[in-house]
Peer 1: 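Have a look at this one before I ask anything.
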Amino acid sequence: MAEFRKSPLNYTGEYKILKHIIPSFPLNIHKFEDLFAGGFNVGINVQADTIYEND
């Protein structure tokens, strides 16, 4: 299992399932847009050139 960075924000919802979410993303992401970012756990763990977070 890969090690994931945990957001310092007090919201753990997506962190618990990152091991299932992150592998489904493509390898070469130019722009990643997270429209329902919550604690930003996905955004800080995805490998992308540009990351936009919104909540």
Peer 1: With a 6.0 Å cut-off (strictly less than), is the heavy-atom count around CZ of Phe25, excluding the residue itself, greater than 12?
Peer 2: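 More than 12 heavy atoms, drawn from other residues, nucleotides or ligands, come within 6.0 Å of this atom.
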Peer 1: How long is the gap from NZ on Lys31 to CG on Asp49, to the nearest 0.5 Å?
Peer 2: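 Answer rounded to 0.5 Å: 11.5 Å.
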Peer 1: Nearest 0.5 Å, what's the CD1-CZ distance between Ile44 and Arg5?
Peer 2: 5.5 Å
Peer 1: Do the side chains of Phe4 and Val42 get nearer than 4.5 Å, heavy atoms only?
Peer 2: no
Peer 1: When you look at CG of Asn28, are more than 12 heavy atoms from neighbouring residues, nucleotides or ligands closer to it than 6.0 Å?
Peer 2: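 No - once you tally the heavy atoms of other residues, nucleotides and ligands closer than 6.0 Å, there are 12 at most.
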Peer 1: Grab the two heavy atoms, one from Phe32 and one from Ala48, that are nearest each other, plus how far apart they are.
Peer 2: CB-CB, 3.9 Å
Peer 1: Please report the interatomic distance CG(Asn45) to CD(Glu3), rounded to the nearest 0.5 Å.
Peer 2: 10.5 Å
Peer 1: Just checking Gln47: does its CD atom have more than 12 heavy atoms from other residues, nucleotides or ligands closer to it than 6.0 angstrom?
Peer 2: no
Peer 1: Show the nearest heavy-atom pair for residues Leu18 and Pro23, with the distance to one decimal.
Peer 2: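 Shortest heavy-atom contact: O-CD, 3.8 Å.
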Peer 1: In Å, rounded to the nearest 0.5 Å, how long is the span from OH of Tyr52 to CG of Leu35?
Peer 2: 12.5 Å
Peer 1: Could you tell me if the side chain of Asn41 sits less than 4.5 Å from the side chain of Lys6, heavy atoms only?
Peer 2: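 Yes, their side chains come closer than 4.5 Å.
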Peer 1: Can you tell if the side chain of Val46 reaches within under 4.5 Å of the side chain of Ile51, non-hydrogen atoms only?
Peer 2: yes
Peer 1: Which heavy-atom pair separates Ala37 from Asp55 by the least distance, and what is that distance?
Peer 2: N-OD1, 3.6 Å
